[in-house]
Amino acid sequence: MQPTDLADPPASDPEIPSETAPASDLPAAASPPKEPHRVRRLLGHPRFQLALTVLACVIVFAALVYPNVLKRLTVGGLARIPIEAALGIALLIAVPRRPRRVLATVAGLGLGWLIVEKSLDMGWFEILNRPFDPVLDWILFDDTYGFIRDSYGQASAYGAIAAVVLLPIAVLSLTTWAVLRVTSLIGRHRRISAYTASGIAAAWIAAFLVGVQVVPKVPIAARSSVTYAYDRARQAKAGIANSAAFAKEIKNDPFKNTPADRMLTGLTGKDVIFTFVESYGRNAVESPELAPGVDAVLDSGTAQLTAAGFAARSGWLTSPTFGGGSWLAHSTLLSGLWINNQSRYRNLTASDRLTLTSAFRGAQWDTVSVMPGATRAWPEGTFYGYNRVWDSRNLGYQGPKFSWAPMPDQYTLKKFTELEYAKPGRQPLMVEMPLVSSHTPWAPIPSFMDWDEVGDGSVYDGIIANGTKKADIWGSTSKVRAEYGKSIQYTLTTLVDWVKTYGDDNLVLVFLGDHQPSKVVSGENASHDVPITVVAKDPAVLKRIDSWGWTDGLKPATDAPVWPMNAFRDKFFTAYGPNGSTH
């Protein structure tokens with residue numbers, strides 16, 4: 001576009017100046033147009049505007065059929081007809097211009113939020129095998145940040161924070177813009193829009209009646225956005241109602257009024273240690289890819305313990321969690337209540353519920369928690385009833401971290417022996433000790449060594465320098481599974497050898513998995529089952545659980561009994577109470 005306040009000089013005499021301005025004030029006749037003019041022409045070009053409109057339509061369509069499961073994020077999974085498109089067009093046609101823009105803005109923000117929440121679902125399904133809870137799961141972001149920082153470094157943690165903040169803002173902005181642009185198109189072409197809505201509705205009805213599917217179990221006739229929003233609203237409502245019901249569950253305790261001297265009499269004088277093996281799930285024992293290595297350790301361990309005078313019984317528990325959330329499993333086992341979300345956990349730890357720990361403490365055991373994975377204060381220890389808590393800050397470890405794990409399991413067991421178990425003249429101990437070397441990301445993994453070489457942990461500097469790096473395995477599912485299997489083998493080897501080396505006649509060890517590993521290892525449709533084993537030298541201890549029907553040895557049979565994890569507390573109290581079986 002040429003300036004309107006200047007006239008071009010005559011071609012025959014380019015030197016003649018304008019009559020209204022001196023020649024010195026005139027711009028050069030041959031100067032090119034300014035760049036902003038080109039940008040404005042490009043942005044205003046009909047074809048560019050058409051491209052933007054098409055892009056907006058594609059964004060709205062994709063948002064309406066966007067799945068919440070990663071494996072459905074395919075061309076076939078997106079080949080659907082969203083009924084919400086027809087309903088939305090019809091509604092926008094009927095609404096006057098100003099309310100229409102307000103409605104479009106709200107719809108755009110809502111559509112963007114559904115994309116954010118469905119994306120969170122994808123991550124939750126892959127790691128925890130369940131959808132994201134919009135009411136209760138926000139607290140897990142703090143744990144996720146800690147995991148990323150401890151496993152991948154502070155820079156990665158900051159990058160994750162930036163992504164968590166910026167990506168939702170970008171998605172919300174993009175969907176709002178797209179809906180507003182489509183709304184403007186609908187307002188300019190109301191009749192054509194009405195025909196479009198009718199066509200979409202007719203196609204949807206036909207596909208619905210015929211039941212057409214491109215991807216199995218994913219019908220072309222989609223109503224996923226409305227259904228998803230409804231389900232999430234119902235889930236939030238159910239969560240609130242569940243909290244009220246859970247308060248009654250906490251108070252309903254058959255052992256609440258049992259005198260302390262009538263509890264756990266069948267274990268008098270014994271040291272009872274409850275050990276959770278991180279991510280030790282049923283797949284480790286039964287999956288064709290993992291079982292050969294893990295089962296060899298269990299079979300060898302059974303033989304070694306038998307030679308040392310110990311015996312074992314094993315069964316299965318169903319964990320309330322999957323892929324993470326270990327504290328939910330710990331609290332479920334100890335409290336006898338099903339703790340499958342953070343709300344229940346908070347309500348439990350604010351109550352006076354009798355736990356395994358507080359029952360042992362009341363019966364005059366010295367209760368100790370050994371938490372190598374804890375890096376800060378743990379106020380819940382007071383609720384459980386621990387006299388002392390040992391964690392990564394006071395266990396004296398001077399070696400390197402093994403990815404997320406602050407210290408190797410062998411160091412934890414050796415230090416526990418020095419600080420508590422081998423201490424002369426002590427009371428009988430009740431201990432809870434999660435072992436964490438098998439925590440994701442499963443690289444690098446410590447090496448088992450002679451107990452006398454462990455020292456203060458500095459010996460591990462050389463091991464970690466030559467160990468497998470996370471980047472070496474996380475590009476391959478098979479490599480991840482292999483390293484996971486090795487981590488379980490390491491912890492089980494260490495635990496068995498500790499019993500053989502340090503265990504005495506009064507040792508009773510209960511070790512179990514907290515949950516199955518994430519889907520990258522366990523695959524689709526894995527159960528929530530985890531192995532559990534009781535090891536003791538005194539035959540009377542195992543005699544009391546004959547009625548449980550558990551398998552002899554460290555490896556539970558495939559058809560061994562499966563209990564929900566919250567059933568264990570009451571069965572344990574009954575078996576080792578005054579009326580427990582001893583014959």
Undergrad: Could you check whether any side-chain N or O of N566 sits under 3.5 Å from a backbone N or O of T332, counting only pairs where one atom can act as donor and the other as acceptor?
TA: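 Not confirmed, N566 side chain does not pair with T332 backbone.
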
Undergrad: May I ask you to decide if I250's main-chain N or O and R353's side chain share a donor-acceptor pair within less than 3.5 Å?
TA: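 Yes, because the side chain of R353 sits within donor-acceptor range (under 3.5 Å) of the backbone of I250.
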
Undergrad: For R130, is the CZ atom crowded, meaning more than 12 foreign heavy atoms sit under 6.0 Å from it?
TA: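 Yes, the 6.0 Å shell around CZ holds more than 12 heavy atoms from other groups.
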
Undergrad: When you measure from the side chain of W316 to the backbone N and O of A557, does any donor-acceptor pair fall under 3.5 Å?
TA: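 Such a contact is found between W316 side chain and A557 backbone.
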
Undergrad: With a 4.5 Å limit on heavy-atom distance, are the side chains of V541 and Y576 in contact?
TA: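 V541 reaches Y576 side chain to side chain.
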
Undergrad: side-chain contact (heavy atoms from CB on, under 4.5 Å) between E432 and H330: does it pass, once the steps are laid out?
TA: CA-CA 9 Å; E432 184 206 356; H330 301 175; 3.6 Å; yes

Undergrad: When you look at D352 and K251, which way does the salt bridge (charged side-chain N to carboxylate O under 4.0 Å, His left out) test go after all the steps?
TA: CA-CA 9 Å; D352 60 354; K251 295 178 181 179; over 6 Å; no

Undergrad: Taking the six-membered ring for Trp, are the ring centroids of W563 and W550 within less than 6.0 Å of each other?
TA: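 Close enough - the centres of the two rings lie under 6.0 Å apart.
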
Undergrad: Drop me the distance from Y345's OH to I339's CD1, to the nearest 0.5 angstrom.
TA: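 Separation between the atoms: 9.5 Å.
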
Undergrad: Sub-3.5 Å donor-acceptor pair from the side chain of D271 to the main-chain atoms of L429, do we have one?
TA: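 Yes, the answer is positive, given that a donor and an acceptor are paired below the 3.5 Å cut-off.
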
Undergrad: Quick one: does any side-chain atom of Y411 pair with a main-chain N or O of L395 as donor and acceptor, under 3.5 Å?
TA: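 At least one qualifying donor-acceptor pair exists.
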
Undergrad: For S300 and V297, indicate whether the former's side chain and the latter's backbone hold a donor-acceptor pair under 3.5 Å.
TA: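 Not confirmed, S300 side chain does not pair with V297 backbone.
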
Undergrad: Compare all side-chain heavy atoms of R388 with those of S369 and state whether any distance is below 4.5 angstrom.
TA: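 Heavy-atom side-chain distance check fails, nothing below 4.5 Å.
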
Undergrad: Any donor and acceptor pair, going by atom type alone, linking the side chain of D514 with main-chain N or O of S279 inside 3.5 Å?
TA: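 Pair found, side chain donor or acceptor close to backbone of S279.
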
Undergrad: Calculate, to the nearest 0.5 Å, the distance between atoms CZ and OG belonging to F276 and S319 respectively.
TA: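 Reported to 0.5 Å precision, the distance equals 9.0 Å.
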
Undergrad: Report yes or no: does S314 contribute a side-chain atom to a donor-acceptor pair with the main-chain N or O of G553 at less than 3.5 Å?
TA: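 The answer is yes, because a donor-acceptor pair under 3.5 Å joins these two groups.
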
Undergrad: Considering residues at least two apart in sequence or located in another chain, which fulfil the side chain to side chain contact (heavy atoms under 4.5 Å, CB included) criterion with N129?
TA: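 Only F322, K519, H528 meet the side chain to side chain contact (heavy atoms under 4.5 Å, CB included) criterion with N129.
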
Undergrad: Do the non-hydrogen side-chain atoms of L495 and L509 ever get within less than 4.5 Å of each other?
TA: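 The answer is yes; the side chains approach within 4.5 Å.
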
Undergrad: So, F274 versus F572, ring centres under 6.0 angstrom or not?
TA: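 Centroid separation for F274 and F572: below 6.0 Å.
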
Undergrad: Just so I know, are the side chains of F255 and D570 near enough to count as touching, which here means a heavy-atom distance under 4.5 Å?
TA: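 F255 reaches D570 side chain to side chain.
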
Undergrad: Counting C-beta onward and ignoring hydrogens, is there a side-chain heavy-atom pair between V431 and Y421 closer than 4.5 Å?
TA: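 Side-chain contact under 4.5 Å: no.
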
Undergrad: Classify the ring geometry between Y460 and F402 as parallel (under 30°), tilted (30 to 60°) or perpendicular (over 60°).
TA: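 Rings of Y460 and F402: perpendicular, as their planes differ by over 60°.
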
Undergrad: Ignoring hydrogens and geometry, is there a side-chain-to-backbone donor-acceptor pair from K71 to V69 under 3.5 Å?
TA: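 No, K71 side chain to V69 backbone: no donor-acceptor pair under 3.5 Å.
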
Undergrad: OG/S335 to CZ/F568 distance, rounded to the nearest 0.5 angstrom?
TA: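 It comes to 12.5 Å.
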
Undergrad: Examine distances only and state if a side-chain atom of R481 and a backbone atom of V520 form a donor-acceptor pair shorter than 3.5 Å.
TA: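 Judged by distance alone, yes, a pair lies under 3.5 Å.
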
Undergrad: Run the numbers on E278 and S326 for side-chain contact (heavy atoms from CB on, under 4.5 Å), then give the verdict.
TA: CA-CA 8 Å; E278 172 66 38; S326 302; 3.0 Å; yes

Undergrad: Can you find a pair of side-chain heavy atoms, one from R344 and one from W338, that are under 4.5 Å apart?
TA: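 Yes. Closest side-chain heavy atoms under 4.5 Å.
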
Undergrad: To the nearest 0.5 Å, what is the distance between CG (N341) and CZ (R346)?
TA: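 The CG atom of N341 sits 8.5 Å away from the CZ atom of R346.
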
Undergrad: Can you name the residues that form a side chain to side chain contact (heavy atoms under 4.5 Å, CB included) with F448, not counting sequence neighbours?
TA: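 Once residues adjacent in sequence are excluded, the partners of F448 under the side chain to side chain contact (heavy atoms under 4.5 Å, CB included) criterion are Q410, W451, Y490, T493, T494, D497.
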
